[in-house]
Amino acid sequence: MPALASLFLMLLLTRLCHLRIVWVEEGYPTAAAIQLLAGKTLYRDVWFDKPPLFPSLYLLWGAQIGVPLRIAGALFIFGCCLLLFRFAHDLWGEREALLSAWLLGFFLTFGIPSAVMALAPDLLMVAPHILAVYLAWRGKPLWSGVAAGVALLVNGKAMFIVAACLLWQWRSAGWLLAGFAIPNALACAWMGINESLMAYYREVWEWGFLYSANTFLENRFVGGLSRTLNWMGFQAALVAGAAWYWTRDRSSESRRMALWTLISLAGVAAGWRFFPRYYFQLIPVMCLVASRGLTLLGKRRFAVFALLLIPLIRFGPRYAVLAADIAFNREHQWADLALSEDSKQAASLVQTRSKQEDTLLVWGYRPDIFALTRMHAGTRFLDSQPLTGVLADRHLNSAEPVAPLLAANNRAELIHTHPAFIVDGLGPLNPRLAISAFPDLSTWLSQYKIVGKSNSSVIYHVETADKNLSQKN
């Protein structure tokens, strides 16, 4: 079908514009996947605070960045569009199907770049979210539950998907919950065999609850309302189409859709952070009902299509600039990439001195350095959040830990490890959290000397390695 083929082409070309960029949200699972490829076990050997399917999916393209990562992103979003196409087609017809697919692809492209580009939990959950609700609507509670259970292995907010599925399958709640349990029971059994189950609970769920309980918003209600209104402004075409749908359709189906929307909004609010990527929980239902509303509008729908210019004008030009930079082999000049560019410099400094067997510790939330160097971690930790106890959403301007005892215990473990290189990508930005600012690490850190600096990173190399190298020479 030409319309769907052109949709895929749009998704692919826009993502290839980010060919030379590694967003930190995709650097984290890439870093973990690199460790898995080295034979390590997630959670037991690698501290990771997200569910297991997240980094495991990155194994499908060998945890490679660049072209493989961007093609994977385009294929994933296109798959989501096809799922919504099928849902809308079975609900209403081909016009709604095409509209819903294009709306989903459009709004998962013309949004906050780091959110729409990174195959991170909130984006990855879109596919099983659509599938689970579609199967519930089709009267297949067991398989609907399985899809929702898979979603939980990507994102803890999958609980809200179960609630949405119950709108159609509350009489078969037992089958739905049984399906939900199956993939998670299998995953837990696998982790039990690999002695990582308790570590999974501590790193994903205990740490996750700490994260959710400590929002950075001073006034969570005002902040949440403001961010939601901003989101509605950029998604005005969806809001207008959905509003017309609920105005014209008063059926029991439309009421379920409204409740699905409210449940999804509750999922956005969970944790009281309201990051742009959290609103992906709302995107499937909004694109679905908006497609029906736009169809009911008839020729007047073209007035609503004009609202698509809001995100297109805001986010579209950046793709053209990035594409021109690639075509003319220019460096990207973009403030949003300041830390990313610094990570490239730090990675280059490490690579010029490192040997194949050398290992790395990254201090700060800079996992893209692992993705760029492809080095193995010299500790269990891919970033310093579990070592400082300070969450990444505030560690650039705060040094107040949310888990001081946990962090102290993890630092006590750290001093028994010997990574060849340390990249402190946090200290230059917040000296209070520099690796050299922790007294319990001072003796251990004395084994290292500074061998390089970038604007926002300090590179350490273990001195014993230098001495051994000198003796060999």
Side-chain angles (χ1 to χ4, degrees), residues 22 24 26-40 45-48 55 63-65 339-388 392 395 407 410-431 433-438 440-473:
V22 182
V24 69
E26 56 196 1
Y28 190 41
T30 298
I34 289 169
Q35 313 314 311
L36 298 184
L37 289 170
K40 296 182 180 180
D45 305 324
V46 181
W47 174 286
F48 196 77
Q64 296 292 329
I65 56 177
L339 278 184
S340 177
E341 292 300 320
D342 184 78
S343 291
K344 289 181 180 179
Q345 295 174 26
S348 178
L349 288 170
V350 170
Q351 288 176 308
T352 58
R353 299 182 62 94
S354 65
K355 303 183 293 294
Q356 186 174 2
E357 67 274 15
D358 282 344
T359 57
L360 176 65
L361 167 67
V362 176
W363 188 268
Y365 192 59
R366 307 284 292 278
D368 49 340
I369 295 174
F370 280 107
L372 293 162
T373 62
R374 298 195 66 81
M375 291 177 69
H376 296 167
T379 75
R380 285 197 306 130
F381 308 103
L382 300 178
D383 70 278
S384 62
Q385 289 180 96
L387 296 166
T388 64
H395 71 181
N410 285 335
R411 291 196 300 274
E413 175 188 332
L414 179 67
I415 63 176
H416 296 291
T417 65
H418 304 283
F421 286 89
I422 301 171
V423 177
D424 182 355
L426 179 58
L429 302 168
N430 185 352
L433 291 181
I435 192 170
S436 58
F438 289 82
D440 52 350
L441 296 181
S442 59
T443 301
W444 174 78
L445 190 61
S446 66
Q447 306 171 73
Y448 294 83
K449 68 176 182 179
I450 296 174
V451 295
K453 292 183 179 181
S454 62
N455 289 335
S456 303
S457 300
V458 179
I459 294 89
Y460 294 83
H461 189 209
V462 65
E463 283 195 297
T464 53
D466 287 343
K467 291 177 181 176
N468 290 338
L469 183 62
S470 298
Q471 289 171 1
K472 289 180 182 179
N473 292 335

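Scanning both residues, Asn455 and Pro428, for their nearest heavy atoms gives O-CB, 4.3 Å. Summarising the geometry of Ala32 relative to Pro55, their closest heavy-atom pair is CB-CB, 3.8 Å, with the distance given to 0.1 Å. When all heavy atoms of Leu387 and Asp383 are compared, the pair lying nearest together is CD1-O, 4.1 Å.
The aromatic rings of Phe48 and Tyr28 lie parallel to each other, their planes meeting at an angle below 30°, with 60° marking the opposite boundary.
Side-chain atoms of Ser457 never come within 3.5 Å of backbone atoms of Ser454 as a donor-acceptor pair (strictly under, hydrogens ignored). The main-chain N or O of Lys355 is found under 3.5 Å from a side-chain atom of Asp358 such that the two form a donor-acceptor pair. Ser348 places no side-chain N or O within donor-acceptor distance of the main-chain N or O of Lys344, the cut-off being under 3.5 Å. Checking side-chain atoms of Ser446 against main-chain N and O of Thr443 turns up a donor-acceptor pair under 3.5 Å. Put simply, the side chain of Lys40 never gets that close to the backbone of Arg380: no donor and acceptor are under 3.5 Å apart. When atom types are taken as modelled, the side chain of Thr30 and the backbone of Ala371 share no donor-acceptor pair closer than 3.5 angstrom. Using a distance-only test at 3.5 Å, with no hydrogens or angles considered, no donor-acceptor pair links the side chain of Asp424 to the main chain of Val458.
The side chain to side chain contact (heavy atoms under 4.5 Å, CB included) test with Pro419 singles out one residue from Leu360, Val462, Thr379, Leu414, and that residue is Thr379. Paired with Arg366 under the rule side chain to side chain donor-acceptor pair (under 3.5 Å), one option of Ser384, Ser456, Ser343, Ser340 passes, and it is Ser343.
A distance of 10.0 Å separates CG in Leu426 from CD in Gln385, rounded to the nearest 0.5 Å. Note: Leu37 CG to Arg374 CZ = 7.0 Å, rounded to the nearest 0.5 Å. Note that CD of Glu413 and CZ of Arg411 are 12.5 Å apart. Values are rounded to the nearest 0.5 Å. Rounding to the nearest 0.5 Å places CD1 of Ile415 at 10.0 Å from CD of Gln447. Taking CG of Leu445 as the reference point, atom CH2 of Trp363 lies at 9.0 Å (rounded to 0.5 Å).
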Run the side chain to side chain contact (heavy atoms under 4.5 Å, CB included) test on Gln35 and Asp45 for me, step by step, so that the C-alpha distance in whole Å, both residues' side-chain angles and the decisive distance to 0.1 Å come before the verdict.
CA-CA 9 Å; Gln35 313 314 311; Asp45 305 324; over 6 Å; no
For Ile65 and Leu372, run side chain to side chain contact (heavy atoms under 4.5 Å, CB included): C-alpha distance rounded to whole Å, both residues' side-chain angles, the deciding distance at 0.1 Å, then the answer.
CA-CA 8 Å; Ile65 56 177; Leu372 293 162; 4.0 Å; yes
Step by step, would you call Leu339 with Leu429 a side chain to side chain contact (heavy atoms under 4.5 Å, CB included)?
CA-CA 10 Å; Leu339 278 184; Leu429 302 168; 3.8 Å; yes
Checking Val350 against Met375 for the side chain to side chain contact (heavy atoms under 4.5 Å, CB included) test, could you report, in this order, the C-alpha distance in whole Å, the side-chain angles of both residues, the deciding distance, and whether it holds?
CA-CA 10 Å; Val350 170; Met375 291 177 69; 3.5 Å; yes
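You'll find the ring centres of Trp444 and Phe438 outside the 6.0 Å limit.
Within the 4.5 Å cutoff, the side chain of His376 has no heavy atoms near those of the Glu357 side chain. Residues Pro367 and Val24 have side chains in contact (heavy-atom distance under 4.5 Å, counting atoms from C-beta outward). In this structure the side chain of Leu361 never reaches within 4.5 angstrom of the side chain of Val423, judged on heavy atoms. At least one side-chain heavy atom of Ile435 sits under 4.5 Å from a side-chain heavy atom of Ile422. Here the side chains of Tyr365 and His395 are in contact, with some heavy-atom distance below 4.5 Å. Side-chain contact between Ile450 and Ile459 is absent, with no heavy atoms from C-beta onward closer than 4.5 Å. Asn410 is listed as a side-chain neighbour of Trp47, based on a closest heavy-atom distance under 4.5 Å. Side-chain contact check for Tyr460 versus Lys449: every heavy-atom pair is 4.5 Å or farther apart.
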